[in-house]
A.B. asks: 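Can you read through this structure? Questions will come right after.
Remember, it's a predicted structure, so these values are computed and weren't measured experimentally.
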Amino acid sequence: MAYKKIGWKNEVPNGEPRYKIVEYDESVVAEGATIELINEVVPGTPINATNLNHMEEGIEQASKTADQALAAAQTAQGTANMARNEAASANSAATGAGQTAVAAYMAAMQAGSAANAAQTAANNAQTAANN
């Protein structure tokens, strides 16, 4: 499934940020106040359009790679299925050939038995003729 990138844009306030501070009873404590951070902050990775768009590029590339891998896996599965079917056909043919060979062997054995019986009969006839 194709990944759809988002084009990120930085949010820019209109002028210096100012705030209205309101009590729980909705009375205004201060209007137009600024908030000053007094704790030290260790800088981290900024969340901005440049970094978010870089992340989008990586996600899109990973999605394309995954789609290509899926297509390759499906192709390989199709090839494996065809090979399995051909092997089953070959096995079936070999089984049929084996059955034919057994039948031919049995026929040869019967013919040999019949030949032996005929030879025995001929020998008996010869012996009777000689006596």
Side-chain angles (χ1 to χ4, degrees):
M1 185 169 143
Y3 180 77
K4 295 181 182 176
K5 291 190 304 184
I6 297 172
W8 294 88
K9 296 179 186 173
N10 288 324
E11 185 178 86
V12 181
N14 186 9
E16 181 69 26
R18 305 197 63 71
Y19 302 92
K20 177 167 74 172
I21 301 171
V22 180
E23 287 282 352
Y24 67 92
D25 65 357
E26 298 186 19
S27 61
V28 176
V29 174
E31 193 164 328
T34 59
I35 299 173
E36 181 181 327
L37 184 63
I38 58 174
N39 299 27
E40 181 181 340
V41 176
V42 177
T45 305
I47 299 174
N48 57 38
T50 300
N51 290 342
L52 291 171
N53 285 323
H54 175 72
M55 184 173 64
E56 287 287 328
E57 290 293 326
I59 293 169
E60 181 184 45
Q61 187 58 46
S63 177
K64 286 179 182 178
T65 301
D67 288 345
Q68 291 168 349
L70 177 61
Q74 289 170 336
T75 298
Q77 183 64 57
T79 301
N81 289 345
M82 287 182 0
R84 184 190 65 223
N85 291 341
E86 289 173 7
S89 294
N91 185 40
S92 179
T95 300
Q99 290 171 345
T100 301
V102 168
Y105 173 76
M106 294 302 290
M109 292 299 287
Q110 289 173 350
S113 292
N116 285 341
Q119 183 64 49
T120 300
N123 288 343
N124 289 342
Q126 182 67 38
T127 300
N130 289 339
N131 288 335

A.B. asks: What's the separation between atom CD in Glu57 and atom CD in Gln61, rounded to the nearest 0.5 Å?
C.D. replies: 8.5 Å
A.B. asks: What distance do Glu40 atom CD and Ile38 atom CD1 have between them, rounded to the nearest 0.5 Å?
C.D. replies: 12.5 Å
A.B. asks: Is Val22 linked to Ile35 within one hydrophobic cluster, defined over Ile, Leu, Val, Met, Phe, Trp and Tyr using a side-chain heavy-atom separation of less than 4.5 Å?
C.D. replies: no
A.B. asks: Output the distance between atom CG (Asn91) and atom CD (Glu86), rounded to the nearest 0.5 Å.
C.D. replies: 13.5 Å
A.B. asks: Has Ser92 got a side-chain atom pairing as donor or acceptor with Ala88's backbone, closer than 3.5 angstrom?
C.D. replies: no
A.B. asks: Rounded at 0.5 Å granularity, tell me how far NE2 in His54 sits from CD1 in Ile59.
C.D. replies: 10.5 Å
A.B. asks: As an exercise, state the distance from NZ of Lys64 to OH of Tyr3, rounded to the nearest 0.5 Å.
C.D. replies: 12.5 Å
A.B. asks: Between NZ of Lys5 and CG of Asn53, what distance do you get to the nearest 0.5 Å?
C.D. replies: 7.5 Å
A.B. asks: Using side-chain contact (heavy atoms from CB on, under 4.5 Å), reason through Glu56 and Leu52 one step at a time and then give a plain yes or no.
C.D. replies: CA-CA 6 Å; Glu56 287 287 328; Leu52 291 171; 5.6 Å; no
A.B. asks: Closest heavy-atom contact between Ala2 and Ser63?
C.D. replies: C-OG, 4.3 Å
A.B. asks: So, applying side chain to side chain donor-acceptor pair (under 3.5 Å) with Gln126, which one of Asn130, Asn123, Asn124 is it?
C.D. replies: Asn130
A.B. asks: Can any side-chain N or O of Asn48 pair as donor or acceptor with the backbone N or O of Thr50 at less than 3.5 Å?
C.D. replies: yes
A.B. asks: Same cluster or not: Val28 versus Ile21, using hydrophobic residues (I, L, V, M, F, W, Y) connected whenever any side-chain heavy atoms lie under 4.5 Å apart?
C.D. replies: no
A.B. asks: Step by step, work out the side-chain contact (heavy atoms from CB on, under 4.5 Å) result for Asn51 and Ile47.
C.D. replies: CA-CA 6 Å; Asn51 290 342; Ile47 299 174; over 6 Å; no
